[in-house]
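On a predicted model such as this, the values are computed, not experimentally measured, just so you know.
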Amino acid sequence: MQQIKTYIIFFLLCIVATIGYSQDTIQQQTRLKQDQLEEGQDYVIDTIIDGQTYFKKAIKAVQTVDLSKGLQDHDFAAKIDKEWLDELYSNTLFDTIYRDVSNLKYKAVYYPELTTDTLKARLQRLNARTPFNVEYNPGLENVIKSFLKNRHQSFERLMGLSNYYFPMFERELDNYDIPLEMKYLAIVESALKPRARSRVGATGLWQFMFATGKEYGLDVSSYVDERSDPIKATIAASRYLSKLYKLFGDWDLALAAYNSGPGNVSKAIRRSGGYKNYWNIRPNLPRETAGYVPAFLATMYIFEYAKEHGFVQHKPEFHLIETDTIHVKQMITLDQVSEYTGVKIETLQFLNPAYKLDIIPFIKGKNYTLRLPRNIIGAFVNNEDQLYAHAKAELDKREKPLPKFQNADAKTRYRVKQGDYLGKIARKFGVRVSQIKQWNGLRNNNLKIGQRLTIYPRNGVPVSRSKATASNNKKAKMLKGKTYTVQQGDSLWSISQKFAGVSIQNIKDWNDISGTRLKPGMKLIISKG
């Protein structure tokens, strides 16, 4: 027995010795003296023994993931999503609601699906659970039935958008002790369009005028319009509504004052003989405000009884909880973020509507944030040094990294001619399509012959005819190089992957493309010729 134990101990000692010898051998092989180093290899100091320095080969860091290549999408499904987003976030909703509220009609509407008795019962239940005066009257009935009959699809789209916006509204409204039903006001004001702009210049989800926005802490500059920031604008609206309620002590009158100003409401009270009920002073309010509260109450009714009326709520691309924000560390554009992360530019614009030129500036003392889908945040932060370096290198190459502030003396007036379109005019004056739209308050790309546009040309002067000719000659020369015909399902990213050394930005620059939309059959320049 003793002999067996001896053998076992001897065997274990042999194993330990072998391991130790192997480790020493490996270390000796990996440790190199100065005269053993090979030219062209990277080395770091491993250890120093008895004054002798030993080196080892440097371990290369794992390459960061190219997010634009790692996050591929299915082309056909992406096309469907894009078309639906265009429909969901289109300006037509805002235009329709703005027109309806401004010219609200109270004529009887035939809508047998909703009887007067049923409506009275529902309004009574709604009145019991809200601080607003939801009382039946024939005028309100006609508005509700008109909305149900003529705007069913619009409300379904708004219900889809509300899944994203309402959680952030409710949080801020609750912080200021404002009835949560006030969230429906944003639908009447803007149709949940963050960049909505009225004919008088009111902007954003809550339609703040420039001066009122500034008064309630909303920054407006050449690059950022916080009236279009959903959270900051909701905080400002909550503060304003809270102040109005303290002034009037009635939420209906606070609503009316939000639309037309406290002065108009106080004048309507005087002219009515001292009444303080909205329905009593309504004949003395401005026309738009007279239709404002009925439109709000009708919207509230439809949302609260959407199930009873068979509304289908379309799900938006994101819920608020599925997004998150990060503070930017340097100036970066949404185009660059889109290229690096693979997130569609339309999605980034939807999540970050406050950046007027799709540029997030970096200004000392300001904390500008980038909102991204939550599943992208980790990858962005993990690669942000690399992303910022690429962004800076690209912006340094541009002639104008940041659009310069233009003064009024540098502007010119341009009359739209036959065959003109925004891209053509932008190239003529050396500016971006988005800038022309911003300067002229355009909500879409449609132009009319004879329409006059205000333009701030690059460097204050229009591009000369000789420069334009040179540009055309250069473009003609480029066309003699390599071109590509867009196929069904193509995107800028998928095309850039087909040609070595060609980036998305290259394709945009060579073809004067400002967005990402492509049409099958379109010919693209994909080399400098």
Kindly indicate, with the supporting measurements, whether the criterion side-chain contact (heavy atoms from CB on, under 4.5 Å) is fulfilled by Met182 and Leu255. CA-CA 9 Å; Met182 194 66 78; Leu255 275 174; 3.6 Å; yes
Run Phe155 and Phe303 through side-chain contact (heavy atoms from CB on, under 4.5 Å) and show every step you take. CA-CA 8 Å; Phe155 270 99; Phe303 268 77; 3.8 Å; yes
Is there a side-chain contact (heavy atoms from CB on, under 4.5 Å) between Leu453 and Leu447? Walk through the geometry before answering. CA-CA 10 Å; Leu453 299 174; Leu447 296 175; 4.3 Å; yes
Does the pair Tyr164 and Leu351 meet the rule for a side-chain contact (heavy atoms from CB on, under 4.5 Å), with working shown? CA-CA 10 Å; Tyr164 176 75; Leu351 295 176; 3.5 Å; yes
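By the salt bridge (Lys or Arg N to Asp or Glu O under 4.0 Å) test, Glu226 is found to be paired with Lys232, residues two or more places apart in sequence or in another chain being considered. Qualifying side chain to side chain donor-acceptor pair (under 3.5 Å) partners for Thr234, counting only residues two or more places apart in sequence or in other chains: Trp206. The side-chain contact (heavy atoms from CB on, under 4.5 Å) test applied to Lys183 returns Phe166, Phe169, Glu170, Leu173, not counting sequence neighbours. Applying the side chain to side chain donor-acceptor pair (under 3.5 Å) test to Lys437 and every residue at least two apart in sequence or in another chain returns Asn445. Among residues two or more places apart in sequence or in another chain, the side chain to side chain donor-acceptor pair (under 3.5 Å) test is passed with Asp229 by none. For His152, the side-chain contact (heavy atoms from CB on, under 4.5 Å) partners two or more places apart in sequence, or in a different chain, are Glu156, Phe311. Under the side-chain contact (heavy atoms from CB on, under 4.5 Å) criterion, Arg415 pairs with Arg452, not counting sequence neighbours. Partners of Asp420 according to the side chain to side chain donor-acceptor pair (under 3.5 Å) rule, which considers only residues two or more places apart in sequence or in another chain, are Tyr414.
Residues Met331 and Ile359 have side chains in contact (heavy-atom distance under 4.5 Å, counting atoms from C-beta outward). Counting heavy atoms from C-beta outward, Leu185 and Tyr292 have side chains that approach closer than 4.5 Å. The closest side-chain heavy-atom distance from Val337 to Ile360 is not below 4.5 Å. For the pair Arg271/Pro283, no side-chain contact is recorded, criterion being any heavy-atom separation below 4.5 Å from C-beta on. At least one side-chain heavy atom of Thr412 sits less than 4.5 Å from a side-chain heavy atom of Phe429. Contact annotation: the side chain of Thr333 never approaches that of Tyr355 to less than 4.5 Å [non-hydrogen atoms, C-beta and beyond]. Using a 4.5 Å heavy-atom cutoff, the side chains of Ile235 and Tyr176 are in contact.
Among all heavy-atom pairs drawn from Leu126 and Tyr305, the shortest one is N-OH, 4.3 Å. Across Ile281 and Val265, no two heavy atoms sit closer than the pair CD1-CG1, 4.1 Å. Residue Ala256 comes nearest to Leu285 through the heavy atom pair CB-CD1, 4.4 Å, listed as atom of the first residue, atom of the second, then distance. Looking at every heavy atom in both residues, Ala290 comes nearest to Pro294 through O-CD, 3.4 Å. Here the closest non-hydrogen pair linking Lys149 and Tyr111 is CB-CD1, 3.8 Å. Pairing each heavy atom of Ile302 with each of Phe147, the nearest pair is CD1-CB, 3.5 Å.
For the atom pair CD1 of Ile377 and CG of Leu370, the computed distance is 7.0 Å after rounding to the nearest 0.5 Å. Thr341 contributes atom OG1, which lies 8.5 Å from atom CG of Leu387 (distance to the nearest 0.5 angstrom). Once rounded to the nearest 0.5 Å, the distance linking CE of Met168 with CG of Leu205 reads 8.0 Å. A distance of 10.5 Å separates CG in Leu244 from CG in Leu253, rounded to the nearest 0.5 Å. With values rounded to the nearest 0.5 angstrom, Leu192 atom CG is found 11.5 Å from Tyr184 atom OH. The OG atom of Ser242 sits 11.5 Å away from the CG atom of Asn175 when rounded to the nearest 0.5 Å.
Looking at Ser272, its side chain does come within 3.5 Å of a backbone N or O of Ile269 through a donor-acceptor pair. Without hydrogens or angle criteria, Ser162 side chain to Met159 main chain gives a donor-acceptor distance under 3.5 Å. Asp225 places no side-chain N or O within donor-acceptor distance of the main-chain N or O of Val220, the cut-off being under 3.5 Å. With Ser190 contributing its side chain and Ala186 its backbone, the two residues share a donor-acceptor pair below 3.5 Å. The closest donor-acceptor contact from the side chain of Gln207 to the backbone of Ala196 lies under 3.5 Å. Counting only distance, with no hydrogens or angles, the side chain of Arg227 and the backbone of Phe208 share a donor-acceptor pair below 3.5 Å. Between the side chain of Thr299 and the backbone N or O of Ala295, at least one donor-acceptor pair lies under 3.5 Å. Looking at Thr454, its side chain never comes within 3.5 Å of a backbone N or O of Arg413 through a donor-acceptor pair.
Every pair passing side-chain hydrogen bond (donor to acceptor under 3.5 Å, both in side chains) that includes a residue from residues 122-141 is listed here, sequence neighbours excluded: Thr116-Glu141, Arg122-Tyr301, Arg122-His309, Arg129-Glu304, Asn133-Asp252, Tyr136-Glu141, Glu141-Lys145. For residues 209-218, no residue pair satisfies the side-chain hydrogen bond (donor to acceptor under 3.5 Å, both in side chains) rule, not counting sequence neighbours. Legend: salt bridge (charged side-chain N to carboxylate O under 4.0 Å, His left out) pairs involving residues 351-377, not counting sequence neighbours, sorted by first then second residue: Arg195-Asp358, Asp219-Lys366, Asp324-Arg374. Screening residues 252-277 for ring pair (Phe, Tyr, Trp, His ring centres under 6.0 Å), with sequence neighbours left out, gives Tyr240-Tyr258.
For Tyr223 and Tyr368, the ring centers are positioned 6.0 Å apart or more.
Aromatic ring pairs are classed by plane angle as parallel below 30°, tilted from 30° to 60° and perpendicular above 60°; the pair Tyr165 and Phe350 is perpendicular.
Crowding of Lys417 atom NZ: a count of heavy atoms from other residues, nucleotides or ligands under 6.0 Å exceeding 12.
Using a 3.5 Å distance cut-off with no hydrogens or angles, the side chains of Thr289 and Asn259 do pair a donor with an acceptor.
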